[in-house]
K.L.:
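One structure follows; several queries about it will come next.
Read the numbers this way: they start at 1 and go in the same order the structure lists the ligands and their atoms. None of the values given here were measured: they were computed from a predicted structure.
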Amino acid sequence: MGDDRASVRSEPEPKPKPVLVAHTPPLAASYNDRIRPLLDAIDRLRNVMVMEEGIHLPIIVVIGDQSSGKSSVLESLAGINLPRGQGICTRVPLIIRLQDIPQADRPELYLDFNGKVVPTDEDKIAKAINDATDEIASHGKGVSGPPLILVIKKYGIPDLIMIDLPGITRVPVNGQPEDIYEQISKIIMECIRREESIILNVLSATVDFSTCESIRMSQMVDKTGRRTLAVVTKADKAPEGLLEKVTADDVNVGLGYVCVRSRIGAETYEEARQEEAKLFDTHPLLCKIDKSIVGVPVLAQKLTQIQATFIAKYLPEIVMKINDKLDANLAELERMPNNLSSLEDAMMAFMEIMGSGKESLRKVFLRGELDEYLDEKDMHCTARLVEMLNQYYNELRNCTENHLTTNFLLEEIGVLEEAKGIGLPDVLPHNAFSFFLQQKMKAISSKLPSLVVRIWDYIEGVVIQALMQHSENYPQLQSSMRRAASSLIKKMRMKMMNRMMKIVEMEKLTDYTCNPEYLLERNKLMNEQDRFLRYCKSSSSIHLEGFGDVDLTHLRNHDRQLIQQAFHLKMRMIPYWKIALRRFVDMVALHLRFSMQNLVNKEMEREIRRELSGPGIKRMMEEKPEMVEKREKLNRNIKLLRESAEVVAQFMNRIATDGDYNR
Ligand SMILES: Nc1nc2c(ncn2[C@@H]2O[C@H](COP(=O)(O)OP(=O)(O)OP(=O)(O)O)[C@@H](O)[C@H]2O)c(=O)[nH]1
């Protein structure tokens, strides 16, 4: 095998015999050469955490009951000492990447975990793994999820990617948590459940296979054993009946068995291989086992072949998933706002945000278009504002329009009493009407501030929501916009309040209308005057159109002239107040719409620019750190996915030209 390898690779210097090829069938070096690019691609995919995105990569998952000899098997394959010890050997998933490097004079080893690479060497590896395990598993004895990657580059080892999982233990030992079994089972089941996983089930020859927890687990996910290979350890310790056990296959191991004898005590790996070969050659019981299923080199070769088969099988699916993932990453990057590297970019982005923010506000404030916020009733502004105005109008009507049928005319008589002056008794004093009107206008002005506050608080909420939505990636800009919007709304609220109070003053000053409704209604009401005065003398009640049955008893002792003037005052005030009240609420509505138009078309952008003029637009356009991170991550993923896709594609081309990789 060593000679084969030298001729295939045209090695200048012959190397010492690789550890695994001393006595047994040679490891398929050509597999290593051809598989490596793909394994590299798979490593890269692992770096992009494609597994988290649902792309599962073929991997050999090594499972076994506690102390079944897993670490010893892995050591034999890698030719490296791995940490051993009762109960805590393997507390985190350990991904072992074996790489055959013919040019390597010395093995190169490093650990890859928590985003860092820690070089190590053969002597320190046990301690380095233990330290890294402690770091990942937070110094406890529990079992944790994130993997530790151990890369071993060495001459003469098989090219494999394996994951070593914690030994299955039912009883917590050495301070392990009570639920250690559940924790370990969960991790194991997650890994072996995947169809792409090759299960390497490590069984100790000393036990009845059917009682092994690892067999029970692998049977749960791989009933026919189609992707399970068993390695039987400690053949030297329990040679009796081993041949029968592996030939009977009571536990459905579809990919077969390989019996091994691992390194014992201080043996070197080479000595261990020699001892193993001797054992299976000379032991009276073990020598009967077919040579094609004994020894670590056979195990290495089988694993490499099975791995190649699985990779070839799942390759098209992986390619498809990589492409899907690449498309998704590209689409997400496309959706992200541009990175603003210059003032021009910043200015452009600002203009875009303002443009889209204004357009959204135009839609909701001015045009009543709801397409952007179909399900957000709070953003259906035209409807909400009309509701507020209608509510205000109804409140004002309720508190100022007197259509009571009891105490009829008493309010008007009170006004006339206070407005009387030197003048003819049959002439209605004009100041009485003004006084009456001013009293009513007072009600309007007292309710105005709460309306104005309600309206502008609402508008402020809408403006801020629309602006925030269009600038969500720029937190600095957002706080400036929020400040600008609040200060602008405050100004507009004041402006509206002043304007409306002026209108109240105007209304108080002049009782005027050109609306013909006034005279029409006034005349209709006044037509009832003679009948009313007659009834006042003789009846206790009268039916009046628009009022109903009106009680008259309280008017009996009042002066007829005064009653007539009060009637006159009431029947003029009723139609006039209707008009004045509507006119006022209409003015509020017109002013509101005018203000919103100004706000959207002019004031808002001006105010935001003013707010931004201090720190400068460029600084305000700085993105959220999460955004920067996200963009970087997407770009990184895209780069790695592209590279991986390329490597996989090259590999596929080679399959197409070279033929079957599973030979
Ligand atoms: N005689 C003999 N002893 C073995 C063999 N394989 C493993 N052992 C011994 O069995 C014990 C357990 O082996 P490990 O390789 O540590 O077992 P493990 O399954 O990795 O252990 P955990 O990680 O604790 O689950 C060690 O003392 C090994 O030396 C073998 O083939 N023959």
K.L.:
So that I can tick it off, tell me whether E122 and R106 are bridged by a salt bridge, with the cut-off set at under 4.0 angstrom between side-chain N and carboxylate O.
P.N.:
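Judged by the 4.0 Å cut-off on N to carboxylate O distance, R106 and E122 do not form a salt bridge.
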K.L.:
Does K288 come within less than 4.0 Å of E244, counting only side-chain N to carboxylate O?
P.N.:
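Salt bridge between K288 and E244, a charged N being under 4.0 Å from a carboxylate O: no.
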K.L.:
Please check whether K70 reaches ligand 1 - meaning an N/O of the residue sits under 3.5 Å from an N/O of the ligand, judged on distance alone.
P.N.:
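K70 vs ligand 1: N/O contact under 3.5 Å present.
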K.L.:
Tell me which one of Q99, Q307, R97 satisfies side chain to side chain donor-acceptor pair (under 3.5 Å) with D159.
P.N.:
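Between D159 and the candidates, side chain to side chain donor-acceptor pair (under 3.5 Å) is satisfied uniquely by R97.
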K.L.:
Please list, chain by chain and in numerical order, all residues satisfying side chain to side chain donor-acceptor pair (under 3.5 Å) with S185, sequence neighbours excluded.
P.N.:
none
K.L.:
Is E182 paired with K186 through a side-chain N to carboxylate O contact shorter than 4.0 Å?
P.N.:
no
K.L.:
Can a salt bridge be assigned to the pair E276 and R273 using a cut-off of 4.0 Å between side-chain N and carboxylate O?
P.N.:
yes
K.L.:
Is there a nitrogen or oxygen of T233 sitting under 3.5 Å from a nitrogen or oxygen of ligand 1?
P.N.:
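N/O-N/O distance below 3.5 Å does not exist for this pair.
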K.L.:
Heavy atom under 4.0 Å from ligand 1: found in K234's side chain, backbone, both, or neither?
P.N.:
both
K.L.:
Which ligand 1 atoms does K237 reach within 4.0 Å, using its non-hydrogen atoms?
P.N.:
1 (N)
K.L.:
Considering only heavy atoms, does D236 approach ligand 1 within less than 4.0 Å through its side chain, its backbone, both, or neither?
P.N.:
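Side chain only.
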K.L.:
Has ligand 1 got any nitrogen or oxygen that is less than 3.5 angstrom from a nitrogen or oxygen of I264?
P.N.:
no
K.L.:
So, regarding R263 and ligand 1 (criterion: nitrogen or oxygen to nitrogen or oxygen, under 3.5 Å), is there a contact or not?
P.N.:
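In this structure, R263 places no N or O atom under 3.5 Å from an N or O of ligand 1.
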K.L.:
In chain order, what residues pass the salt bridge (Lys or Arg N to Asp or Glu O under 4.0 Å) check against D121, with sequence neighbours excluded?
P.N.:
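Result, salt bridge (Lys or Arg N to Asp or Glu O under 4.0 Å) vs D121: K124.
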K.L.:
Counting each atom of ligand 1 from 1 as listed, which ones have a heavy atom of R261 under 4.0 Å away?
P.N.:
31 (O)
K.L.:
Tell me whether S67 reaches ligand 1 (any heavy atom closer than 4.0 angstrom to a ligand atom).
P.N.:
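S67 counts as a contact of ligand 1 under the 4.0 Å cut-off.
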K.L.:
Heavy-atom contacts with S72 under 4.0 Å: which atoms of ligand 1 show up? List them by number with element.
P.N.:
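Answer for ligand 1: 6 (N), 7 (C), 13 (O), 14 (P), 15 (O), 28 (C).
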